[in-house]
Structure formats: structure tokens, C-alpha cells
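This structure is a prediction, so every number in the text was calculated from the model and none was measured. In what follows, every chain begins at residue 1, and chains take the letters A, B, ... in the order their sequences are listed.
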2 protein chains.
Amino acid sequence: MGRQDGPVLDDQVCFALYAASRAVTALYRPLLDDLGLTYPQYLVLLALWERDELTVTDLGRSLQLDSGTISPLLKRLEKLELVRRERRSDDERSVRVALTERGDALRAKAVPLPGLVGDAMGLDGAELDELRDTLRELTESVNAYRERL
Amino acid sequence: MGRQDGPVLDDQVCFALYAASRAVTALYRPLLDDLGLTYPQYLVLLALWERDELTVTDLGRSLQLDSGTISPLLKRLEKLELVRRERRSDDERSVRVALTERGDALRAKAVPLPGLVGDAMGLDGAELDELRDTLRELTESVNAYRERL
DNA sequence: CATAACTGAGTTGTGCACAACTTAATTTCG
DNA sequence: CGAAATTAAGTTGTGCACAACTCAGTTATG
């Protein structure tokens with residue numbers, strides 16, 4: 001198995017990563033539906049629950065997403081009245097994103113999610129930690145590689 | 001670090017997975033641009049290079065994608081003249097997808113990709129194998145969990 | 001201090017993902 | 001057989017992702 005005369009789908013780490021990521025998102029979906037959130041919206045709220053009042057750029061750095069993805073996403077969160085957006089007075093280019101009361105309150109409902117999803121992954125705590133660390137190294141390595149084209 | 005009084009973004013395996021998957025796709029992007037392909041299109045061709053003449057359903061099972069994603073994707077690959085689509089005569093509901101000459105020829109250009117991407121990941125062969133296996137188990141476990149809601 | 005360079009956010013356009021739905025073909029069963 | 005259930009593929013609508021772009025505000029420089 002492995003290299004026959006070209007790349008094989010199931011041998012690819014990249015495909016395993018792609019499939020795993022989508023499976024986990026799909027697991028979150030019905031749970032997040034109850035909170036009225038999509039998965040990326042949940043990630044934005046996670047960042048804000050951890051530290052409120054971030055700029056759009058801060059959020060982009062945290063989630064590794066650009067403004068083209070985040071701006072419309074924040075617009076939808078604002079329409080849901082989960083976040084507020086306001087231009088910073090000391091730098092009018094910058095927009096501060098803050099939780100509303102509703103956005104803050106949603107945190108309590110989200111507390112059980114990570115445990116539930118962790119269980120579904122079928123790995124114990126140590127394995128999850130190791131996997132997370134491996135994935136972080138991989139991401140950093142790949143992004144460094146991309147920098148130098 | 002870890003559990004303070006709610007989920008924390010960087011502790012989440014799910015986020016590490018999401019970030020890693022996007023980083024790897026982003027690494028593929030400029031390489032696949034040279035072949036005129038997107039990453040999901042590349043995955044479809046990988047499946048067809050491995051075994052030509054698959055139905056739309058077969059492809060969906062292989063990539064774990066539904067017809068709503070694959071149908072328009074195949075339409076684009078057909079417009080690029082990389083695949084042909086034809087109804088099966090023995091079951092007119094079914095559509096057989098086959099490589100064109102151009103689609104088959106593209107395989108040669110794709111051969112170096114997995115090696116390159118593997119290097120960029122900064123893990124040795126054994127680590128990559130282990131990661132792939134862990135991800136496959138995780139995916140299977142998560143999907144089994146989803147089945148029983 | 002003027003203007004060139006840069007920065008932060010947002011817009012536009014393309015291509016996934018996926019839920020929900022439609023349509024046509026096939027299979028199952030009363 | 002013939003109606004009901006099932007299956008395969010495709011369509012529609014929403015929300016990411018991301019490249020390429022615009023525009024306003026800020027900083028740097030001659």
C-alpha cells in the first residue's frame with residue numbers, strides 16, 4: 001500500500017485533515033443550531049468570551065481569517081444582536097468588536113459543547129492534547145513554508 | 001492554562017483541526033493554480049486517477065461529500081474538459097464520471113505535490129502516518145457519534 | 001506641510017459545503 | 001400489475017473562505 005504510480009486519496013494526510021475537520025464541524029452543527037450559530041460564528045464568540053473588545057484585525061489574527069471572511073460574518077452577528085461594532089475614536093480606521101448582553105449570556109449555553117465534542121472524538125485527554133500540539137506544529141510549519149513561497 | 005470559566009479558543013482540538021486544514025489547503029492553492037485546479041477538484045481527480053469510471057455517488061462516498069457539492073464541481077471539471085459524464089445505460093439514474101485524455105495527462109503533473117506538501121508539514125514519515133491514522137479514527141468516531149444523534 | 005506609502009475595514013466575485021428540495025428512474029410489495 | 005417507497009443526481013439558498021480590489025484614515029518622508 002501507498003505509492004503505486006501516483007498519489008492515492010486515502011494515503012494523504014491532507015485528505016484525512018480535510019475529512020476530519022468537516023466531520024467535527026458537522027458534529028457541532030446541530031448543537032450550534034440550538035444557539036443559532038454557525039461554527040465560524042462560534043469561534044468568533046469563543047475569542048470574545050476569552051477577551052472582550054477585540055478589533056477586527058485581532059479577530060482575524062486569532063482565527064487566521066482575513067477581513068473578507070470576517071467582516072460579513074460580524075455583520076451577521078451584529079444583526080443577531082450578539083456583538084456591537086464601533087469605530088475607535090483614537091484610530092478611525094479600526095473597529096472595536098464587543099459582546100452585547102445577549103452575546104455574553106450565550107457563553108453559559110456553550111460551556112458543555114467542548115466536553116461533548118471531545119467525547120465524540122473517541123480519544124482520551126492525553127491523546128487530544130498530543131493531537132492538538134501536533135496540529136499546531138503542522139500549521140505553523142506549513143504557514144512558515146508558505147511565507148517563503 | 002486551559003479551563004478557566006469557559007471554553008478557550010486555543011485549547012480546542014476542533015480549532016487546531018480547522019486551522020490546520022485551511023493552512024494545508026492554502027499551501028496547495030498556488031501549486032494547484034498551475035494545474036488550473038482547486039483543492040476539492042484535485043481530490044476528485046485523485047479518486048479518478050486511482051480508479052477511473054466512478055459514479056457520482058461513488059465519488060461522494062470517497063470524499064464524504066454530498067451531491068449538492070459534487071454535482072456543480074463535476075460540471076466545472078467537465079467544462080475544463082478533464083472529465084466526461086454519461087448516464088449509465090443499465091441504470092439511468094446513475095451518472096458515470098470518467099477521465100478525459102487531458103484529465104489523465106494531468107496526473108503526471110500532480111505526482112510531485114504530495115511529497116512537497118509532506119515536507120512543508122515538518123513531520124517525518126512515521127509521524128505523518130500516525131497523524132493520518134489518528135485523524136481517520138477521529139473522523140470515524142465522530143461520524144459514528146453523529147449517526148446516533 | 002504636502003504627498004506618498006501604508007494600514008484597517010469592507011466589497012465583489014468565485015467556488016466550495018450543506019440543508020432542503022425537485023425530478024426522474026428503479027425497486028418493493030400489496 | 002400498479003401504487004408506494006426508495007434511490008441518484010441535480011437545483012436553490014445561505015454562509016463561509018479567499019483573492020483582488022476600493023476607500024478612508026494614519027504615518028512616514030522629502
Quiz item: Start at the 5' end of DNA chain D and walk down; is the nucleotide closest to A:Asp90 or to A:Ser67 reached first?
Solution: A:Ser67
Quiz item: To the nearest Å, how far apart are A:Tyr28 OH and C:dC18 C1'?
Solution: 19 Å
Quiz item: Can you tell if the side chain of B:Arg22 reaches within under 4.5 Å of the side chain of A:Leu65, non-hydrogen atoms only?
Solution: yes
Quiz item: Reckon A:Arg87 has a side-chain N or O less than 4.0 Å from the OP1 or OP2 of D:dA24?
Solution: no
Self-check item: B:Asp129 with B:Arg132: basic N within carboxylate O range, under 4.0 Å
Solution: yes
Quiz item: What is the distance from CD of B:Glu86 to P of D:dG10, rounded to the nearest Å?
Solution: 13 Å
Quiz item: Rounded to the nearest Å, what distance is computed from the CD atom of residue B:Gln41 to the P atom of nucleotide C:dT14?
Solution: 14 Å
Quiz item: Can a salt bridge be assigned to the pair B:Glu92 and B:Arg87 using a cut-off of 4.0 Å between side-chain N and carboxylate O?
Solution: no
Quiz item: So does B:Thr38 reach the base of C:dG15 with its side chain, donor to acceptor, closer than 3.5 Å?
Solution: no
Self-check item: Listed nucleotide nearest any side-chain atom of A:Arg22, set D:dA17, C:dT11, C:dC18
Solution: C:dC18
Practice problem: Report the nucleotide, chosen from D:dT11, D:dA17, D:dT7, that has the shortest atom-to-atom distance to any side-chain atom of A:Thr69. | Solution: D:dA17
Exercise. Using the closest heavy atom to pick a nucleotide of DNA chain C for each, name whichever of B:Pro40 or A:Arg85 lands nearer the 5' end.
Key: A:Arg85
Quiz item: How long is the line joining CG of A:Leu73 and C1' of D:dC18, in whole Å?
Solution: 14 Å
Quiz item: How long is the line joining CG of A:Asp58 and P of C:dG8, in whole Å?
Solution: 10 Å
Quiz item: Between C:dA25, C:dC18, D:dA17, which nucleotide has the shortest distance from any of its atoms to the side chain of B:Tyr18?
Solution: D:dA17
Quiz item: Of all the choices, D:dG25, D:dC18, C:dC18, which nucleotide is nearest to the side chain of A:Arg93 once you look at every atom?
Solution: D:dG25
Self-check item: OP1 or OP2 of C:dG15 under 4.0 Å from side-chain N/O of B:Lys75
Solution: no
Exercise. Taking only Lys NZ, Arg NE, NH1 and NH2, and the carboxylate oxygens of Asp or Glu, determine whether B:Glu81 and B:Arg102 approach each other closer than 4.0 Å.
Key: no
Quiz item: Nearest nucleotide by nearest heavy atom, which residue falls closer to the 5' end of DNA chain D, A:Asp91 or A:Leu65?
Solution: A:Leu65
